[in-house]
Amino acid sequence: MDLSSSSCASLSKTYHHHPFSLSLLHPNSLQLLRSHHLPHRRTLFLRNSPPPLLFSRQNNLPLTPVRVSNQSQNDSFVLEDVPHLTNFLPDLPSYPNPLQERQAYSIVKNTFVSPEDVVAQTIVIQKDSPRGIHFRRAGPREKVYFKPEEVRACIVTCGGLCPGINTVIREIVCGLKNMYGVEDILGIEEGYKGFYSKNTKRLTTKVVNDIHKLGGTFLRTSRGGHDTQKIVDNIEDRGINQVYIIGGDGTQKGAALIYEEVEKRRLQVAVAGIPKTIDNDIAVIDKSFGFDTAVEEAQRAINAAHVEVNSVENGIGIVKLMGRYSGFIAMYATLASRDVDCCLIPESPFYLEGRGGLFEFIEQSLKENGHLVIVVAEGAGQEYIASEVHAVNEKDASGNKLLLDVGPWLSHKIKDHFTKFSKMAVNMKYIDPTYMIRAIPSNASDNIYCTLLAHSAVHGAMAGYSGFTVGPVNSRHAYLPIARVTERPNTVKLTDRMWARLLESTNQPSFVASDQQRVDKE
Ligand SMILES: Nc1ncnc2c1ncn2[C@@H]1O[C@H](COP(=O)(O)OP(=O)(O)O)[C@@H](O)[C@H]1O
Ligand SMILES: O=P(O)(O)OC[C@H]1O[C@](O)(COP(=O)(O)O)[C@@H](O)[C@@H]1O
Ligand SMILES: [Mg+2]
């Protein structure tokens, strides 16, 4: 490890203006370590007070934790921090948070979140395990870095639809107005490209009052069209100083680029991401908003399939649900329904013919029960289909691969098999509720979840954080480095108990040879 006192001094200066860092980073207690494995990353290792704090960060950019070998395991503590405007605008003045004057908050015991509050990423630990990764707890701070009357905020929604987007929009507007007295709020229409190709829409509490009862996005959305320079030019030209960006992994990557440019230009602009995706494929956070609503709506399609196949001879119901790379909707809808006999997801490759294959399972189920219901996620079996059809590699405007349609392919294969190779005449009922499960308003619990997300984003932006995203980690809302939620998608882990619960409830084949299972486990 390479120790450098000059870098140490400059780092302690950089952190001096940071409210959280002030209380923890004392220049005398710092040792700057350079990791052998990540030479470009700087790691701060503190020894001032027990328990010592391990803290890694690459300037203001999101970071990867680095483990220090000379540290006793159970002392190590990693904070994956988010950038703050004072990192590059050290003289930025702060003001008392106006929230303390609000009547609604006057009886709250702790109006403000302590700057030292953190949320642990792993809560199930053993006595001797390391303390592990933590994130900054979301919530209102004692000091804000914006005067409410000087805030000009904007909201943009990008990517596919998801139940609850309108609730998030509504609650950002109402949160800014009611908690902080901010009135100047603009809606950017039709996603990122709206920054430079559309007029803005004035958002007031009155305008957004009823939008949470509607599906879709009040601001409309789009894929593609992310041009960082044009977007930040527009932010500057319009005098916007808070940007709320609602969208999935692609959108959050775009938000990180916007923040980088804001920092490069040294603009006092808070960039806050609110993660959105129906697929629940965003890493770190407990789950994405709208997911529960979608799973609930999927029950209606599964129920219809079950009613249909239960009423005929050898009925096979197939329900196709969303889930590009992650089978969460299919898995949870299956587990919730109990009427599903087989669930196919992208993470678990399946095969049709031979021992342990889908055809064998279908035949057995028809003989035993007279009907069956299959739920298939849209991303399931893509390689299988591609090996059989001449597929052109197409992408959408955002660069997402366009999927081959597994639903009709599977229906056709099953029908064909039973017509040609079995004496059973099957009765196929295919249901594709794809857009129906995401084009609806959010349910009650998603509405509350959306409110917390929106308020966390507002508190974070007012407190001067920028280039962060929000979300619940082990049920507590936290500020997360954007790269942490975009570096890899969240997928169903076949080795987790939840998938085992599903296999047990459907009794379907696992499509994995037992020696492979053993290797995966090891
Ligand atoms: N790697 C990226 N860098 C910058 N912008 C991106 C990136 N990926 C996607 N975007 C932009 O984010 C927006 C939404 O992305 P998309 O993948 O369609 O949906 P989602 O955000 O839900 O994943 C689009 O405007 C797209 O141009
Ligand atoms: O047809 P569209 O609108 O492009 O959306 C389809 C895709 O959107 C998704 O719901 C995911 O969307 P996001 O990338 O916006 O999260 C996928 O499940 C689906 O493949
Ligand atoms: Mg996406």
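Start at 1 and go down the list; that is how both ligands and their atoms are numbered. Bear in mind that the values here come from a model prediction, so they are computed numbers and not experimental data. Nothing fancy with the numbering, it's 1 onward along the sequence.
At least one N or O atom of Arg324 sits closer than 3.5 Å to an N or O atom of ligand 2. Residue Gly159 has no nitrogen or oxygen atom sitting less than 3.5 Å from a nitrogen or oxygen atom of ligand 2, judged on distance alone.
More than 12 heavy atoms of other residues, nucleotides or ligands sit less than 6.0 Å from atom CE of Met428. Annotation for Lys201: atom NZ counts as buried by contact number, over 12 foreign heavy atoms lying within 6.0 Å. In Lys493, the NZ atom is crowded: over 12 heavy atoms of neighbouring residues, nucleotides or ligands sit closer than 6.0 Å. Around atom CG of Asp237, more than 12 heavy atoms belonging to other residues, nucleotides or ligands sit under 6.0 Å away.
Applying side-chain contact (heavy atoms from CB on, under 4.5 Å) to Ile282 and the options Asp279, Val284, Ile285, Asn280 leaves one that passes, Ile285.
The shortest heavy-atom distance from Lys276 to ligand 1 is under 4.0 Å. Judged by the shortest distance from any of its heavy atoms, Asn400 lies inside the 4.0 Å radius around the atoms of ligand 1. Proximity of Gly248 to ligand 2 is not established, as no heavy-atom distance is less than 4.0 Å.
Near Thr277, meaning under 4.0 Å from any of its heavy atoms, are these atoms of ligand 2: 16 (O). Less than 4.0 angstrom separates some heavy atom of Tyr435 from each of these atoms of ligand 2: 1 (O), 2 (P). Residue Ile278 has at least one heavy-atom neighbour below 4.0 Å for each of these atoms of ligand 2: 10 (O). The atoms of ligand 2 that sit less than 4.0 Å from any heavy atom of Glu378 are 17 (C), 18 (O), 19 (C), 20 (O). Set against the non-hydrogen atoms of Gly248, the atoms of ligand 1 under 4.0 Å away are 20 (P), 21 (O), 22 (O), 23 (O). Here is the list of ligand 2 atoms found below 4.0 Å of a heavy atom in Met322: 10 (O), 18 (O). Atoms of ligand 1 found under 4.0 Å from any heavy atom of Gly159, numbered from 1 in the order shown, are 14 (C), 18 (O), 19 (O), 22 (O). Contact atoms of ligand 1 toward Leu257: 3 (N), 4 (C) (distance under 4.0 Å to a heavy atom of the residue). Counting the atoms of ligand 2 from 1 in the order shown, those under 4.0 Å from a heavy atom of Gly323 are 18 (O). Near Arg438, with a cut-off below 4.0 Å to any heavy atom, the atoms of ligand 2 are 2 (P), 3 (O), 5 (O), 6 (C), 7 (C), 8 (O), 9 (C), 10 (O). Close contacts of ligand 2 with Lys276, meaning ligand atoms under 4.0 Å from a residue heavy atom, involve 13 (P), 15 (O), 16 (O).
Asp249 OD1, 2.6 Å is the protein heavy atom nearest to atom 23 (O) of ligand 1. Atom 2 (C) of ligand 1 has as its closest protein heavy atom Lys253 CB, 3.8 Å. Summary of contacts: the protein heavy atom closest to atom 4 (O) of ligand 2 is Arg223 NE, 3.0 Å. For atom 6 (C) of ligand 1, the nearest protein heavy atom (residue, atom name, distance) is Gly250 O, 3.3 Å. When hydrogens are left out, the protein atom nearest atom 21 (O) of ligand 1 is Thr251 OG1, 2.4 Å; that is the closest non-hydrogen contact. In this structure, the protein non-hydrogen atom closest to atom 15 (O) of ligand 2 is Gly160 N, 2.6 Å.
Around the Mg ion (ligand 3), protein atoms of type N, O or S found under 2.8 Å number 1.
In this structure the side chain of Lys230 never reaches within 4.5 angstrom of the side chain of Tyr192, judged on heavy atoms.
No salt bridge links Arg501 with Glu504; every basic N to acidic carboxylate O contact stays at or beyond 4.0 Å. Under a 4.0 Å N-O distance rule, the pair Arg324/Glu378 does not qualify as a salt bridge. The pair Lys198-Glu189 does not count as a salt bridge, with every side-chain nitrogen at least 4.0 angstrom from each carboxylate oxygen. One finds a salt bridge joining Glu261 and Arg265 here, because a Lys/Arg side-chain nitrogen approaches an Asp/Glu carboxylate oxygen to under 4.0 Å.
When atom types are taken as modelled, the side chain of Ser222 and the backbone of Glu190 share a donor-acceptor pair closer than 3.5 angstrom. Formation of a donor-acceptor pair under 3.5 Å by the Arg338 side chain with backbone atoms of Leu335 is found in this model. Looking only at distances, a side-chain donor or acceptor of Arg170 sits under 3.5 Å from a matching main-chain atom of Asn209.
Closest heavy-atom approach to atom 25 (O) of ligand 1 among the candidates Gly224, Ala256, Gly191: Gly224. Between atom 11 (C) of ligand 2 and the options Asp396, Asp279, Asn280, the minimum heavy-atom separation is to Asp279. Comparing Pro489, Ser398, Gly254 against atom 15 (O) of ligand 1, the shortest heavy-atom distance belongs to Ser398.
For residues 316-352, the set of pairs meeting the ring pair (Phe, Tyr, Trp, His ring centres under 6.0 Å) definition, not counting sequence neighbours, comprises Phe291-Tyr332, Phe350-Tyr384, Tyr351-Phe511.
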Notebook entry, point to check: Given Thr293 and Asp446, is the side chain to side chain donor-acceptor pair (under 3.5 Å) satisfied, shown in steps?
Noted result: CA-CA 7 Å; Thr293 306; Asp446 270 325; 2.5 Å; yes
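Residue contacts with ligand 1, taken as heavy atom pairs separated by less than 4.0 Å, do not involve Thr277 at all.
Aromatic ring orientation, Tyr479 versus Tyr465: tilted (interplanar angle from 30° to 60°).
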